[in-house]
Amino acid sequence: MTTSRRVLVVGSGGREHAIAWKLVQDGAEVLCAPGNAGTAAIAENVSVSATDIPALVELARSRGVDLTVVGPEAPLVAGLVDAFRAAGLRAFGPTAAAAQLEGSKIFCKQILHRGDVPTAMFREFRSAAQAREYLEAREDAPVVVKADGLAAGKGVFVCADRAEALEAVATLAGDPQFTAAAKGILIEERLDGIEVSVLAITDGRTIVTLPPLQDHKAAHDGDTGPNTGGMGAYCPTPFVDAELLADIEARILVPTVHAMRRSKVPFHGVLYAGLMLTSQGPKVLEFNARFGDPECEALLVRLESSLLELLDATVDRTLDAVAQPRWRDEASVTVVMAAEGYPGSVERGRRITGLAAAAAVPGVQVFHAATTFGDAAEAAEKPVLADGGRVLAVTALGPSLARAKLQAYTAVKEIRWPGAWCRKDISDKGLRQERALLAAAGDATEPASAQEAAS
Ligand code: AMP
Ligand code: GLY
């Protein structure tokens, strides 16, 4: 009865490496399309693009794949799950219609409104001219200007005043890379507070909320510099305690899943809430329809029970019958190592060294985010080359957040390629919050973890 399950993981980033890594531990035989040099070590890479839906259907069919897991948003929004279903194949993730929760910020706001879910106040415009007119007529205040559609994290402009907002609208209207995404423009109130991520797996009825975490979206230390896909994450975050997590589940996740079902677009897959913890409570900044990257890496190293079971039950709509997942007590930290030039254009093909030494650091998993093999026929092992902007997601578990951070950066120090860089302060916000909570609790003695962090 124990035939190995064959699972296809679609994508080529650190998120997909982490998913494949966990599924292999769960006993699955894994194919990755297209995968990277990291997934090649634990799974079979197949050279099919993550957005070539007909070729992915054919791959799943011809190789007897019985579950496909979709990492990135683009194939979800393009209808991969619909195409697989039509072909009688099982795929984890939302349909194209439900993925609009991420794919269209205006659709997202409509669902939030239906579910009475707290979010920033906003106005929606169908042209840049309308948006400009609105900005000129209203008081000069901080706002956020957003393109409606997917723009790989680049369609959001956090503006201090009217002048900046007008500039953002002009950028959206004038830049060809935004023309599709900027068919609609949102202008919303700028929220202040701490940003956290809460992800849940849902089959459209039952919700399994995962531990809260914090991403680091700005390129440089101290949250400065341009916005990126995420430079690091840690889990769990002390900004969300059990009570707040229950509140987020009840006031945000549950009503969103219900509103989707009532709108006849039931959502199944990963519901990822990007939240601002404001003085009025948590509010939704955005939803993603998939695991975050690098959040996924920081989450999955902590998952002790089966991921495969959760994914299967989501596809079969039987999540209510699955026991709550078990999480390791340890904290995790993921540090993204990026190529020179990221988030702008980067040089590919630089050779990476020190991967084995990094992987030997206790508690560390080096997930590959954009790597490929070079060909060197004479070498005993093929060289690994950097092949994109975010190259590696170095992830560590530790008995405390401070120790996890230490282990992650110990591993980072082993890895080299020309131009490699990373943020040095991943998880520091969490460490400061741990100290603040202890101080507030009237505990004068600093914990070992905080002392280490300060040193
Ligand atoms: P989004 O893609 O909508 O999550 O936006 C990207 C980033 O812009 C978020 O991670 C926030 O840092 C910031 N952001 C988005 N909306 C707001 C808002 N209403 N107020 C303040 N910051 C925002
Ligand atoms: N790290 C942010 C995202 O995956 O959207």
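Note that ligands are numbered from 1 as they come in the structure, with each ligand's atoms numbered from 1 the same way.
Looking only at atom types and distance, the side chain of Ser104 has a donor-acceptor partner in the side chain of Asp148 under 3.5 Å away. If you check the side chains of Thr395 and Glu297, you find no donor sitting under 3.5 Å from an acceptor. Between Asn45 and Thr39, the side chains place a donor N or O and an acceptor N or O closer than 3.5 Å (distance only, hydrogens not considered). Looking only at atom types and distance, the side chain of Trp327 has no donor-acceptor partner in the side chain of Glu304 under 3.5 Å away. His268 and Arg317 share a side-chain donor-acceptor pair at under 3.5 Å.
Note: no N/O pair closer than 3.5 Å links Asn227 and ligand 1 by distance alone. Residue contacts with ligand 2: Tyr272 is placed with no nitrogen or oxygen under 3.5 Å of a nitrogen or oxygen of the ligand (distance criterion only). For ligand 2, the polar-atom distance check finds an N/O of Glu295 within less than 3.5 Å of one of the ligand's N/O atoms. For ligand 2, the polar-atom distance check finds an N/O of Arg290 within less than 3.5 Å of one of the ligand's N/O atoms. Not a single N or O atom of Arg15, backbone or side chain, sits closer than 3.5 Å to an N or O atom of ligand 2.
Close approach to Gly292 involves these atoms of ligand 2, each under 4.0 Å from a residue heavy atom: 4 (O). Each of the atoms 21 (C), 22 (N) of ligand 1 lies under 4.0 Å from some heavy atom of Met276. Against a heavy-atom cut-off of under 4.0 Å, Leu285 is close to the following atoms of ligand 1: 3 (O), 11 (C), 16 (N), 17 (C), 18 (C), 19 (N), 23 (C). Of all atoms in ligand 1, listed by their number and element, those nearer than 4.0 Å to a heavy atom of Lys146 are 3 (O), 15 (C), 16 (N). Atoms of ligand 1 found under 4.0 Å from any heavy atom of Arg190, numbered from 1 in the order shown, are 20 (N), 21 (C). Atom numbering of ligand 2 starts at 1 in the shown order; those under 4.0 Å from a heavy atom of Asp215 are 1 (N), 2 (C). The atoms of ligand 2 that sit less than 4.0 Å from any heavy atom of Asn288 are 5 (O). Against a heavy-atom cut-off of under 4.0 Å, Ala120 is close to the following atoms of ligand 1: 19 (N).
Only the side chain of Glu188 comes within 4.0 Å of ligand 1, counting heavy atoms alone; its backbone N, CA, C and O stay farther away. The part of Val158 lying near ligand 1 is the side chain, judged by heavy-atom distances below 4.0 Å. At a heavy-atom cutoff of 4.0 Å, ligand 1 is contacted by the side chain of Val156 but not by its backbone. Contacts between Phe291 and ligand 2 below 4.0 angstrom, taking non-hydrogen atoms only, are absent altogether.
Using a distance-only test at 3.5 Å, with no hydrogens or angles considered, a donor-acceptor pair links the side chain of Trp421 to the main chain of Ala339. In this structure, the side chain of Asn288 does not engage the main chain of Glu102 through any donor-acceptor pair within 3.5 Å.
Residue Arg90 qualifies as enclosed at atom CZ: its count of foreign heavy atoms under 6.0 Å is above 12. Other residues, nucleotides and ligands contribute at most 12 non-hydrogen atoms within 6.0 Å of the CD atom of Glu133. Taking a 6.0 Å sphere around CZ of Arg138, one finds it holds more than 12 heavy atoms contributed by other residues, nucleotides or ligands.
Aromatic ring centroids of Tyr272 and Phe287 lie 6.0 Å or more apart.
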